[in-house]
Amino acid sequence: MILELKRLFGNIFEEALIQEITRVGTLKEIPENFMMIDIGERIKGVPLMISGAIKISRENEKGEELLLYYLEEGDSCTLTFASEMGTTKSKIRAVSELPSKLIMIPINQMENWEGKYPSWRKFLFRSYQIRMDEMVETLDSIAFDGLEKRLLDYITEKKRVNGKNELQITHQNIAQELHSSRVVISRLLKKLEQTGKIELKRNKIVIT
DNA sequence: ACATTAATTGTGT
DNA sequence: ACACAATTAATGT
């Protein structure tokens with residue numbers, strides 16, 4: 001655990017903080033498609049991503065979903081920081097997209113870190129900033145881009161995260177994550193296939 | 001190997 | 001958005 005911590009966070013955190021994290025944090029290995037936290041659940045700790053990818057999404061009253069962003073190695077989830085102080089419940093859902101490794105730090109264990117370690121404070125701000133930027137980006141894409149571009153972005157992003165040029169997913173699932181309907185996605189995908197950008201199989205999309 | 005069924009995808013209105 | 005057709009995968013006999 002120390003090795004991986006140093007590899008990813010060694011340049012950011014001072015030695016003493018690294019020691020502290022190894023003392024109170026626990027290394028978790030998460031299988032693929034595992035729901036780590038759901039909307040409304042109490043937040044128990046702050047995650048530091050070691051490897052893999054986690055999908056962060058939002059859901060409305062009707063149970064319709066919307067993909068917000070991915071967490072990847074070196075990331076942390078700052079929406080949890082927002083609820084770090086109070087007893088707020090999670091506003092988001094986190095499901096692992098790939099088998100993932102991360103270190104969980106219980107929130108009650110990190111109470112005075114912000115005063116004690118300047119690097120921790122910096123990390124919080126930087127992380128918060130990055131996450132905010134990503135959200136503004138997806139907000140922009142929803143507000144200003146057409147669904148076609150959004151779908152293309154979605155595919156390329158998913159391809160990048162998975163590291164394959166083959167995605168195993170149904171049109172229905174895509175529609176849910178982008179908060180659209182299956183028929184529309186099917187039609188757009190077909191258009192993308194005709195322009196030679198992708199190839200459609202059953203339960204599968206190949207990027208060409 | 002064949003038939004049946006369920007799930008996914010395609011298309012017209 | 002809805003309805004239905006077409007295709008594919010899964011399962012039982």
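Here is the naming used below: chain letters follow the sequence lines, and residue numbers restart at 1 for every chain.
At whole-Å resolution of the value, CD in A:E64 and C1' in C:dA1 are 14 Å apart. In this structure, A:I169 atom CD1 and B:dA7 atom C1' are separated by 15 Å, rounded to whole Å. In this structure, A:Q172 atom CD and C:dT8 atom P are separated by 20 Å, rounded to whole Å. For A:Q168 and B:dT8, the CD to C1' distance is 13 Å, given to the nearest whole Å. Look at CD on A:E193: it is 14 Å from P on C:dT7, rounded to the nearest Å. Counting to the nearest Å, the C1' atom of C:dT8 and the CD1 atom of A:I205 are 16 Å from each other. Nucleotide B:dT9 holds its C1' atom 13 Å from the CD1 atom of A:I185, rounded to whole Å. Atom CG of A:L192 is separated from atom C1' of B:dT9 by 15 Å (rounded to the nearest Å).
Salt bridge A:K55/A:E177: present, at least one basic N to carboxylate O contact under 4.0 Å. Electrostatic pairing of A:E148 and A:R187 does not count as a salt bridge here, judged by no charged N lying under 4.0 Å from a carboxylate O. A salt bridge does not link A:R58 with A:E65: none of the charged nitrogens is closer than 4.0 Å to a carboxylate oxygen.
Taking the six-membered ring where the residue is Trp, A:W113 and A:W120 present perpendicular rings, their angle passing 60° and hence far from 30°.
Across B:dA7, B:dT13, B:dT9, the shortest atom-to-atom separation from the side chain of A:R182 is found for B:dT9. Of the candidates B:dT11, B:dT8, C:dA1, B:dT11 carries the atom nearest the A:V183 side chain, counting heavy atoms from C-beta on. Nearest to the side-chain atoms of A:R187 among the listed nucleotides B:dT13, B:dT9, B:dA7 stands B:dT13.
Contact annotation: A:S186 does not reach the phosphate of B:dT11 (side-chain N/O to OP1 or OP2, under 4.0 Å). For B:dA7, the OP1/OP2 oxygens have no side-chain nitrogen or oxygen of A:H171 closer than 4.0 Å.
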